[in-house]
There are 2 protein chains.
Amino acid sequence: VTSQFDQDTEISPDGDVTITGRWDGISGIPNGGYQLAICLRALARLMPYPDPVVVSGFFLRPGKLGPARVSASLLRAGRRMAFGEANLVQDGKETVRATAAFTTLGDHDEPLFLGATRPLLPPPDDCVGAPPGAEGLPAIARQVDLRTAEPPGWMRGEPGGNPNMEFWLRFADGRDADLICLPLIVDAAPPAVLDLGALSTTVELTVCLRAKPVPGWLACRATTRCVASGYHEEDFEIWDSAGTLVAQSRQLCMIVE
Amino acid sequence: VTSQFDQDTEISPDGDVTITGRWDGISGIPNGGYQLAICLRALARLMPYPDPVVVSGFFLRPGKLGPARVSASLLRAGRRMAFGEANLVQDGKETVRATAAFTTLGDHDEPLFLGATRPLLPPPDDCVGAPPGAEGLPAIARQVDLRTAEPPGWMRGEPGGNPNMEFWLRFADGRDADLICLPLIVDAAPPAVLDLGALSTTVELTVCLRAKPVPGWLACRATTRCVASGYHEEDFEIWDSAGTLVAQSRQLCMIVE
């Protein structure tokens with residue numbers, strides 16, 4: 001059985017891909033991380049090293065449900081790393097411009113230095129997800145299982161003014177995470193600024209991939225530090241079930257309302 | 001009088017630029033932020049909006065002293081933002097691939113939310129810079145005035161194992177900062193991992209430009225949270241003299257030693 005993520009990011013040999021409506025965010029358009037994961041998957045097919053370590057995507061236009069074409073090219077292959085570019089195109093117009101570096105990552109080495117700590121959360125079974133049949137949830141909320149220690153204020157209609165969230169996350173169909181899907185995972189949770197009552201759209205998303213995740217739940221932390229002049233950033237950390245920091249991302253978002 | 005930064009990032013109408021040795025880092029090659037600032041300056045000439053809000057640069061090959069050519073192209077102009085790409089080329093080979101988004105930023109609006117604090121430092125006159133005649137400093141250390149409350153451990157030959165640093169920074173010739181030079185400023189301090197005794201080279205650098213800096217000293221914070229599998233990230237914040245957060249950057253670096 002192919003997972004929903006793998007089905008919805010499948011690319012034909014010619015670069016054809018179908019953007020499905022299953023990963024739409026709150027604003028009703030396809031999630032940026034979903035589109036970036038498609039770009040990364042296209043790059044992985046041609047890069048001479050197996051593991052992405054950093055990918056940056058610029059969202060030039062909103063994506064939409066339907067056919068798309070993704071192209072990828074090698075920019076440079078060096079002795080330890082290689083660089084590539086991918087372009088996602090719909091209706092003849094580029095929607096996402098992605099650039100990435102690939103390398104060969106080790107197997108879960110102990111960090112030389114770690115100055116961050118994994119989110120402290122009760123076990124997933126003691127946390128709460130979206131209530132069954134909850135209204136107003138975007139499509140993507142059905143594709144991931146997100147669990148928090150307490151229901152966030154915005155979900156109860158009471159934004160608390162604190163754009164920080166810690167939670168468990170995994171694909172709803174049980175697919176375990178790998179490096180290629182992490183750009184989607186870092187963008188799959190409700191934006192932290194919801195707790196300020198704000199809605200926004202991603203301008204740019206950079207994901208640093210720090211280690212290959214082992215199977216299981218992912219402990220995540222989303223943090224926004226500055227909302228000003230119509231923009232905000234959101235940082236996202238993912239820790240795998242072995243307690244390893246596997247991804248650090250930052251996105252710059254434009255506030256739309 | 002033209003500042004050293006403006007001289008060393010001057011681009012001819014045809015895109016010719018000279019990479020000088022004045023911004024070499026510890027490893028003896030031109031600073032990545034210096035090269036990224038050249039790309040951003042090339043983009044600023046053609047973008048339909050005045051202010052960069054986010055720029056990402058991938059360092060495909062080490063830059064070197066001498067002639068270079070920078071080209072820039074518009075990827076997309078929308079109603080509130082525009083996107084562009086720049087390429088820095090030396091000896092016919094691309095060294096830096098940069099992508100950026102431009103907009104029109106407001107004038108120092110109050111943030112809607114601020115969950116970060118400016119570094120707490122004694123006034124610049126009560127802080128210490130590199131001792132006059134200090135040996136072993138890279139060229140870039142002469143172009144900026146960097147002042148810390150206490151001399152960092154690595155400068156005394158005693159790395160303290162703490163890759164975090166807060167300090168004042170400005171151009172040594174008194175040029176005030178603007179958005180275009182901030183990609184250089186975020187990369188102009190000694191890497192935080194020096195305090196771990198590590199040397200590294202930048203793979204990718206993303207800079208979010210959050211507000212136009214007012215004249216004066218910049219309060220900066222450099223933080224590395226995870227050094228693992230041969231890579232580390234470094235985050236950098238810049239606060240201007242009015243206490244506004246003007247830049248947030250992250251770079252992914254490959255450890256070379």
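Convention: sequence-line order gives letters A, B, ...; per-chain numbering from 1.
A donor-acceptor pair is defined here as one N or O able to donate and one able to accept, closer than 3.5 Å; no such pair exists between the side chain of B:Ser229 and the backbone of A:Leu105. Proximity of a side-chain donor or acceptor of B:Gln35 to a complementary backbone N or O of B:Pro30 within less than 3.5 Å is detected. No donor-acceptor distance shorter than 3.5 angstrom exists from the side chain of B:Thr148 to the backbone of B:Phe167, with no hydrogens or angles considered. At distances below 3.5 Å, at least one donor-acceptor pair connects side-chain atoms of A:Asp176 with backbone N or O atoms of A:Gly216.
Heavy-atom distances place no part of B:Thr104 under 4.5 Å from chain A, backbone and side chain included. Proximity to chain A (any heavy atom under 4.5 Å) is shown, for B:Leu114, by both the backbone and the side chain. Contact annotation for A:Gln251: neither backbone nor side-chain heavy atoms come within less than 4.5 Å of a heavy atom of chain B. Both the backbone and the side chain of B:Leu60 come within contact range of chain A, with heavy atoms under 4.5 Å apart. Residue A:Thr117 does not touch chain B at all, counting heavy-atom pairs closer than 4.5 Å. Within the 4.5 angstrom heavy-atom criterion, atoms from both the backbone and the side chain of A:Cys226 approach chain B. Looking at A:Ser56, the atoms closer than 4.5 Å to chain B (heavy atoms on both sides) sit in the backbone and in the side chain alike.
With a 4.5 Å cut-off on side-chain heavy atoms, A:Gln248 and B:Arg250 count as touching. Using a 4.5 Å heavy-atom cutoff, the side chains of B:Trp239 and B:Cys220 are not in contact. Put simply, the side chain of A:Phe102 reaches to within 4.5 Å of the side chain of A:Leu40, judged on heavy atoms. At least one side-chain heavy atom of B:Val53 sits less than 4.5 Å from a side-chain heavy atom of A:Leu252.
Among A:Thr223, A:Thr103, A:Asn164, A:Leu245, the residue with the largest count of heavy-atom pairs under 4.5 Å with chain B is A:Thr103. For the options B:Gly78, B:Ala116, B:Pro163, B:Ala82, heavy-atom pairs under 4.5 Å to chain A are most numerous at B:Pro163. Taking chain B as the reference chain and counting heavy-atom pairs below 4.5 Å, the highest number among A:Arg210, A:Arg76, A:Arg61 is found for A:Arg210.
For the side-chain contact (heavy atoms from CB on, under 4.5 Å) with B:Ile238, the lone residue among B:Val207, B:Leu169, B:Leu218 that qualifies is B:Leu218.
Heavy-atom proximity under 4.5 angstrom to chain B picks out A:Leu196, A:Val203, A:Glu204 from residues 179-204 of chain A. When the heavy atoms of residues 92-101 of chain A are compared with those of chain B, the residues falling under 4.5 Å are A:Arg97, A:Thr99, A:Ala100, A:Ala101, listed by number. Chain B is approached within less than 4.5 Å, heavy atom to heavy atom, by no residue from residues 42-52 of chain A.
Electrostatic pairing of A:Glu166 and A:Arg221 counts as a salt bridge here, judged by a charged N lying under 4.0 Å from a carboxylate O. Salt bridge status for B:Lys64 with B:Asp91: present, with a side-chain N to carboxylate O gap under 4.0 Å.
What you find for A:Ile29 and A:Gly63 is that their closest heavy atoms are CB-O, 4.0 Å. Minimum interatomic distance between A:Gly33 and A:Leu205 (heavy atoms only, all atoms of both residues): CA-CD2, 4.2 Å. The two atoms that bring B:Ala177 and B:Pro213 nearest to each other are O-CG, 3.4 Å, heavy atoms only. Residue B:His232 comes nearest to B:Val227 through the heavy atom pair CB-CG2, 3.8 Å, listed as atom of the first residue, atom of the second, then distance.
Listed by chain and residue number, B:Trp23 satisfy the ring pair (Phe, Tyr, Trp, His ring centres under 6.0 Å) test with B:Tyr34 (two or more places apart in sequence, or in another chain).
With values rounded to the nearest 0.5 angstrom, B:Arg225 atom CZ is found 11.0 Å from B:Glu234 atom CD. From B:Ile255, atom CD1 reaches atom CG of A:Leu112 across 6.0 Å, with rounding to the nearest 0.5 Å.
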